[in-house]
2 protein chains.
Amino acid sequence: MLTKNPRVVFAKRPGTGVPVPGEHVVFERSHSIDLDGVPLNGGFLTKTLMLSPEPFMRERMRDLCVASYSTHAVLGEPLVSFGLVVVLRSEKEGINPGDHLYGLTTWEVYTVQPYIEGRAKYNPAAAPDYTFDVDALSLQVVPDPKGAFPWSRYFTVLGAPGLTAFCGFEGCADAKPGETIYISSGASAVGIVVVQLAKAKGLKVIASAGADSKVEYMRSLGADVAFNYKTTSIVEVLKEHGPLDIYWDNVGGETFEAAIEYSRLHARLVMCGSISEYTIAPEARYGIKNTSMIFKKRLRIEGFLVPDLAPRLAPRFYAEMPALVAAGKITAKEHITEGLENGPAALADVLKEGGNEAAGKPIILVATE
Amino acid sequence: MLTKNPRVVFAKRPGTGVPVPGEHVVFERSHSIDLDGVPLNGGFLTKTLMLSPEPFMRERMRDLCVASYSTHAVLGEPLVSFGLVVVLRSEKEGINPGDHLYGLTTWEVYTVQPYIEGRAKYNPAAAPDYTFDVDALSLQVVPDPKGAFPWSRYFTVLGAPGLTAFCGFEGCADAKPGETIYISSGASAVGIVVVQLAKAKGLKVIASAGADSKVEYMRSLGADVAFNYKTTSIVEVLKEHGPLDIYWDNVGGETFEAAIEYSRLHARLVMCGSISEYTIAPEARYGIKNTSMIFKKRLRIEGFLVPDLAPRLAPRFYAEMPALVAAGKITAKEHITEGLENGPAALADVLKEGGNEAAGKPIILVATE
């Protein structure tokens with residue numbers, strides 16, 4: 001018996017700009033699947049419960065000639081992002097029906113894992129050495145929180161964003177109590193964890209976001225200075241509340257330049273993302289003119305991705321963070337959109353200039369168990 | 001009996017551009033000194049033998065409202081740079097007539113040290129925390145090489161440039177045999193030492209300069225790929241001979257951007273100077289647009305100045321380097337200009353766009369003993 005298997009496919013490269021729902025990223029109901037009969041080939045069948053639209057998905061839609069840290073998304077195939085799935089059938093040892101898994105998965109309701117046909121053609125010898133094969137990253141079983149926290153926390157503080165924040169903060173920021181940190185995109189899933197880790201360490205926290213609801217949320221998490229960069233000048237805030245010992249960069253461009261300008265001697269700048277630049281052409285990007293300050297102030301600017309630091313720091317993260325979350329000492333918030341059909345719009349919302357309006361990590365609720 | 005005491009004074013702030021001899025930087029013969037009778041007030045009287053025009057002198061001539069890593073030069077007073085002096089009279093313990101000293105000194109023939117009247121007014125509480133009081137840095141006795149090498153080596157491999165190269169290379173570059181390094185301004189006093197340290201460690205060395213004579217010189221020091229950036233595209237060279245594991249930045253701007261573009265995963269970029277930017281207005285500086293590569297390639301960009309690293313590394317430098325130089329294993333070259341009256345033009349030559357033409361560290365021969 002066939003069951004409808006709705007999906008969201010990558011239909012067309014957007015060039016510059018935000019991918020347009022229905023044009024570049026398309027919701028489809030044309031596929032079906034035989035849930036009982038589909039061959040698993042040693043893998044397992046999952047049902048997608050939740051998906052998160054992510055900035056890195058845009059980077060994968062870039063033109064084929066442009067190298068980056070991620071392999072290219074495959075045209076005609078479902079999008080790939082972090083997701084929470086439940087196992088329906090399995091031929092794989094260690095994976096059992098009813099298991100919940102979190103990790104990279106495809107934007108469709110039912111998936112035979114691993115999803116082979118949609119994998120990017122990746123030849124390590126031909127790609128730059130800094131490129132990750134995103135499609136090769138796998139799902140991992142996550143424990144049932146049994147009501148201690150919602151499943152959606154695996155998308156924020158207990159998932160990739162939380163691990164990213166933990167690795168960058170513990171591995172690169174070199175934070176000391178009493179220091180001042182500025183966190184751009186401080187209401188993002190990564191940002192809110194950095195805000196809380198920094199407060200727990202006794203830092204003064206400055207945080208910015210692009211909506212008043214997010215400013216309110218950052219303040220509720222303990223940020224000492226929270227502001228809306230659309231209505232308040234970043235430079236004025238840093239002039240008044242800086243100088244900075246640490247800058248956590250999620251946005252790049254002008255904000256990065258302002259942070260360099262208001263950094264203290266020997267400040268550390270942790271480069272985690274560059275959301276202001278993903279949808280614009282390289283030549284249209286903001287040009288940073290104060291880089292001579294790097295030697296004048298003896299700054300250390302360090303880029304990282306989780307896989308670089310996880311071997312050293314993930315064990316601590318998994319040992320410490322779930323208990324802190326269960327005890328309510330570290331919190332998070334998810335903003336739920338219902339229905340995979342609303343996925344393309346949710347992705348566009350994350351990528352649009354200035355970001356989305358609602359506080360909380362955007363999550364698409366695909367199905368219930 | 002009075003003796004003429006020629007000097008070069010800082011007469012007028014240049015705003016943007018290279019200081020013009022006779023206008024911003026002026027040679028004068030109006031001062032005299034009584035060599036036998038001038039009060040020493042517990043200090044000592046020196047005769048200047050050699051001086052070096054240096055890019056950092058330009059930074060000190062900036063407008064008073066602009067903060068930087070150095071205190072401002074004082075209008076109406078002699079310029080200050082690295083110099084080699086010999087002691088004529090002394091009231092200071094440990095300093096004796098006939099001693100040679102190297103360090104920061106004033107651009108005049110005779111000086112009562114320390115030179116108090118020309119000191120920048122420096123209030124540490126009012127200045128940014130990354131500002132050095134240049135005028136407070138002192139002269140140090142240097143041993144007589146007794147013919148093993150010329151005195152002028154104290155301006156290159158055995159002086160501030162050599163120590164700068166050693167501190168940055170040993171402290172920030174994290175170099176491993178077989179890696180590739182690109183050194184901009186590779187024929188500068190700092191650059192040539194980095195070239196030689198890198199070759200000694202088994203690195204592949206790419207080095208650029210702005211004159212064919214300098215390219216020839218870098219090649220003679222062992223650079224594997226040496227080129228004139230005025231006639232050869234930096235991007236083309238890095239595309240062919242990169243990617244880079246290490247970039248040593250002496251120039252900033254477009255060159256820095258190209259180095260980021262052709263860096264390998266986890267490359268280290270050591271920020272030592274920004275010669276392309278000292279004489280232009282902040283808004284006219286080149287804007288770097290590829291800073292998102294810092295996180296994509298997980299780069300580490302680190303600025304340093306010698307005083308940050310010297311406490312840890314200077315003892316090794318002074319223990320190892322003189323012997324290497326005496327044995328001819330590390331070499332250097334100085335380009336001598338005779339006469340303090342030619343000092344202003346020599347300084348302008350160092351600062352002009354594209355730099356001076358001659359290979360070798362520019363030195364002004366002020367007097368003989």
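By convention in this document, chain letters (A, B, ...) are assigned in the order of the sequence lines, proteins followed by strands, and residues within each chain are numbered from 1.
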Closest-packed option against chain A by number of heavy-atom pairs under 4.5 Å, given [options]:
| options | result |
| --- | --- |
| B:L305, B:N290, B:T131, B:L269 | B:L305 |
| B:K289, B:E283, B:E257, B:M271 | B:K289 |
| B:R285, B:K296, B:E302 | B:K296 |
| B:G252, B:G273, B:S68, B:A284 | B:G273 |

Sort out for me which residue in A:R264, A:K204, A:K176 forms a side-chain hydrogen bond (donor to acceptor under 3.5 Å, both in side chains) with A:D245.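 The single option meeting the side-chain hydrogen bond (donor to acceptor under 3.5 Å, both in side chains) with A:D245 is A:R264.
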
Non-hydrogen atoms of chain A under 4.5 Å away: do they reach the side chain of [X], the backbone, both or neither?
| X | answer |
| --- | --- |
| B:D308 | side chain |
| B:E59 | side chain |
| B:I294 | both |
| B:P282 | backbone |

Do B:Y130 and A:M293 come within less than 4.5 Å of each other through their side chains, counting heavy atoms only?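 Result yes, sub-4.5 Å side-chain heavy-atom pair found.
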
Taking only residues at least two apart or on different chains, which pairs with a member in residues 283-304 of chain B satisfy ring-ring contact (aromatic ring centres under 6.0 Å, His included)?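 Those involving residues 283-304 of chain B are A:Y69-B:F295, B:W248-B:F304.
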
Looking at every heavy atom in both B:P19 and B:M61, which two are closest together, and how far apart are they?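 The answer is CG-SD, 3.9 Å.
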
Side-chain ion pair, B:R60 and B:D135, N-O less than 4.0 Å: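 The answer is yes: the pair qualifies as a salt bridge.
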
Is B:K297 salt-bridged to B:E261, cutoff N-O under 4.0 Å?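 The answer is no: the pair does not qualify as a salt bridge.
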
